[in-house]
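Below is one structure; the comments refer to it alone.
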Amino acid sequence: MNAHIHRLTASLRPTHRTKERRAERSMPHALPQAIAKRLQALSHRTLLVSWAEGILWILIAACSLALVQGMLDWLFDLSLRVRAAFLMADFAILGLLFFRFGISPWWNRLTPDEAALRAERQWPALRTGLISAVQLARRPDGSPALVEAMLAQMARRIAPFDLRGAVPWVQLKRLCLVAVAALLLTGGLMFAFAPKSLLLLERIALRNVPLPTETMVAAISGNFSIPVGQSIELSARATGVIPRSGRIEIVYEGRRPERVTVTPKASSPDVFSLQLPNIQQPLTYRFYLNDGRGEEWHVELIHPPVVSEIAFEVTPPAYTKLMPTPLSAGSLTLLAGSQLGISGKSNAPLGSARLVTEGEERTVPMKPQGSDQREFQATLDVPPKGLEGFRIELTNQRDVVSQNNTVYAVTVVPDKPPEILFAEGQPEKMNLITTQLPRRRFEVRDDFQVQQVFLCVQPLSSLGEGEEPNPEKAKLIPIPVPQASARLAVDFEWKDPEKSVDWAEGQSFTCWIKAVDNNDVTGPGISYSAPWQWSVVSLQTKREELADQLRRHAESIKDLSGVQESVRKDLGEWLKQEKTK
């Protein structure tokens with residue numbers, strides 16, 4: 001028997017593993033029902049008492065936490081973060097109580113062995129008979145008949161006992177009184193201070209409601225974001241008791257709080273506002289009206305986007321046969337008809353962008369590009385005139401537009417028309433006989449290429465009195481251009497004038513040269529030379545003209561000879577005077 005008791009004591013030591021404990025929770029199949037039911041009832045009573053105690057503790061804790069947090073919120077107007085921290089602590093405390101008195105007792109509920117030992121401690125008369133019966137039923141030793149007799153005897157002995165009495169309810173009475181007192185106190189205070197107490201409960205539950213005061217402060221302006229340098233108006237509405245004045249506490253980032261008195265608007269006595277110009281720093285603000293305290297609101301500054309990188313590349317017109325060239329922002333000298341490629345990057349992601357020209361009203365939209373939506377590109381066509389510069393306007397993804405945009409000055413260089421230069425010694429008026437071929441020597445120069453050259457001829461007879469020659473009414477005689485180039489030297493002889501005009505005696509013609517370049521974008525560039533005159537005369541008139549020219553030439557030679565003789569005499573006289581000195 002002593003050996004059996006030693007085995008029972010060893011089996012109840014706390015060194016058993018969890019699996020062994022779980023195995024012990026099941027009732028031995030050979031244990032009489034009279035014993036098994038009473039032991040199971042004792043285990044259930046232990047679990048119910050623990051659960052009831054947990055419920056009472058949870059009620060006491062919930063009431064206490066609500067009262068304490070409501071009072072702290074009333075006194076100090078706790079912020080949402082602090083209230084959230086308190087609520088998390090509430091859940092943690094209530095969760096610990098639920099685990100301590102609910103889950104843990106159920107997980108560690110009494111095994112038949114532990115129930116038997118607890119009953120024996122309550123009724124010493126049972127001695128070790130009950131625990132011995134449970135152990136023998138699980139692991140019978142010796143004669144089966146003897147074991148059955150011992151179990152039957154123990155069933156008869158335990159029949160008068162209600163083992164649930166080993167777990168008394170008396171210990172819950174005091175705790176129940178405390179819980180009832182906490183509920184009555186909490187309910188009474190809530191009823192006495194309603195509806196303010198309900199608002200405090202809403203704030204404990206993290207509802208965004210103001211403190212229940214005589215004067216309630218409702219936000220009008222609230223949180224908002226503005227660009228740097230903008231003026232703002234902070235405003236709030238008072239309900240309940242409307243004070244004559246209030247104050248607003250403003251805290252700029254990195255500075256001490258400032259308290260400014262505010263008065264209601266003349267048009268709205270319940271609205272209090274304050275104007276703040278040229279905001280340069282983020283700030284927080286809160287209204288204090290009578291005993292009411294508004295929420296803390298934030299004013300965030302949004303910096304407008306700026307161009308952080310920009311590059312330019314000009315593509316000249318195709319007729320120039322020039323290659324694209326990168327340019328700097330300070331040297332945007334562009335040939336009319338070119339295309340200016342603009343690529344850049346902003347310091348912030350963009351919602352939109354556009355290029356706005358100066359000197360002419362033109363807008364070129366640009367779509368944000370790149371993985372971060374910070375890049376932009378545009379192509380600007382350079383007109384012949386009107387363009388003086390451009391600026392780039394950026395809008396970030398919060399619809400804030402860039403300010404004080406740089407204006408990039410542009411100098412537009414037009415493609416000059418060809419220049420016509422005549423060889424020397426060609427008179428403006430020339431008389432020709434019908435068989436004489438007209439001839440003119442000249443040179444045409446252009447910035448890029450001379451494409452066409454024409455001789456323009458208009459009879460003087462077609463002009464009215466005082467009428468100027470008109471290129472549109474002139475006869476165009478094409479002058480062959482062997483190869484388009486920037487410089488042409490032309491020695492033109494009109495082979496068959498009679499095929500184009502009435503080339504007869506007595507006719508006179510006003511003539512000039514027309515040159516056309518290869519500008520097919522903003523041109524073509526066209527220029528006209530100074531006019532000259534060709535007259536068709538008779539052979540006799542031409543001979544008289546030539547004789548007159550010879551006479552004048554002879555007279556000029558004679559005059560030159562006389563001048564030379566006078567100079568020679570003066571030189572001889574001067575030499576004689578020098579010798580006599």
Side-chain angles (χ1 to χ4, degrees), residues 80 208 219-236 250-254 273-285 295-315 324 326-332 334 338-383 386-410 412:
L80 182 63
N208 190 22
I220 295 180
S221 52
N223 292 326
F224 56 94
S225 302
I226 60 169
V228 177
Q230 184 172 314
S231 298
I232 61 174
E233 181 180 11
L234 309 178
S235 56
I250 302 172
V251 182
Y252 290 96
E253 188 174 295
S273 64
L274 177 67
Q275 296 279 349
L276 295 178
N278 192 22
I279 301 301
Q280 297 292 331
Q281 289 180 294
L283 61 91
T284 59
Y285 69 95
E295 292 187 61
E296 185 177 83
W297 301 103
H298 302 269
V299 177
E300 179 186 359
L301 291 188
I302 304 176
H303 294 275
V306 296
V307 176
S308 58
E309 299 177 14
I310 193 165
F312 304 99
E313 184 178 73
V314 61
T315 302
L327 298 177
S328 64
S331 60
L332 298 181
L334 310 174
S338 301
Q339 286 188 329
L340 180 63
I342 303 165
S343 60
K345 196 171 185 179
S346 171
N347 66 333
L350 298 175
S352 63
R354 64 176 188 168
L355 182 149
V356 182
T357 61
E358 298 282 339
E360 59 170 356
E361 295 299 328
R362 187 154 51 112
T363 300
V364 180
M366 297 184 288
K367 186 177 180 180
Q369 300 176 350
S371 58
D372 55 359
Q373 297 292 290
R374 294 171 57 189
E375 300 175 5
F376 56 87
Q377 287 185 343
T379 300
L380 178 63
D381 294 327
V382 181
L387 180 62
E388 298 176 358
F390 60 88
R391 65 183 185 274
I392 296 174
E393 294 182 356
L394 306 177
T395 303
N396 64 16
Q397 296 180 348
R398 304 180 71 173
D399 292 331
V400 178
V401 182
S402 57
Q403 304 293 322
N404 302 320
N405 299 302
T406 301
V407 176
Y408 299 94
V410 172
V412 179

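Only heavy atoms go into these numbers, but all of them, side chains included; no hydrogens, no water, no symmetry mates.
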* Asked: When rounded to the nearest 0.5 angstrom, what is the spacing between OG in Ser338 and CG in Asp381?
  -> 10.0 Å
* With sequence neighbours left out, what residues match Glu300 under salt bridge (charged side-chain N to carboxylate O under 4.0 Å, His left out)? -> Arg398
* Interatomic spacing from CD in Glu295 to CG in Asn223 - rounded to 0.5 Å -> 8.5 Å
* Can you list every pair that meets salt bridge (charged side-chain N to carboxylate O under 4.0 Å, His left out) and has a residue in residues 341-355, with sequence neighbours left out? -> Arg354-Glu393
* Measure the spacing between CG of Leu350 and OG of Ser402 and express it to the nearest 0.5 Å. => 9.0 Å
* Just by distance, with hydrogens left out, do Gln280 and Asn278 show a side-chain donor and acceptor under 3.5 Å apart? -> yes
* Asked: OH of Tyr285 to CD1 of Ile232: how many Å apart, nearest 0.5 Å?
  -> 7.5 Å
* To do: Keeping to residues at least two apart or across chains, list the side-chain hydrogen bond (donor to acceptor under 3.5 Å, both in side chains) pairs with something in residues 356-373.
  => Glu358-Arg391, Glu360-Arg362
* Asked: Does the side chain of Ile220 reach to within under 4.5 Å of the side chain of Leu234, using non-hydrogen atoms?
  -> no
* Asked: Take atom CD in Glu233; do more than 12 heavy atoms of anything else shown fall under 6.0 Å from it?
  -> yes
* For the residue pair Ile226 and Ile279, establish whether any side-chain heavy-atom pair is separated by less than 4.5 Å. => yes
* May I ask you to test the Val410-Leu334 pair for a side-chain heavy-atom distance under 4.5 Å? => yes
* When rounded to the nearest 0.5 angstrom, what is the spacing between CD1 in Ile310 and OG1 in Thr406? -> 8.5 Å
* Asked: To the nearest 0.5 Å, how far apart are CZ in Phe376 and CD1 in Ile392?
  -> 4.5 Å
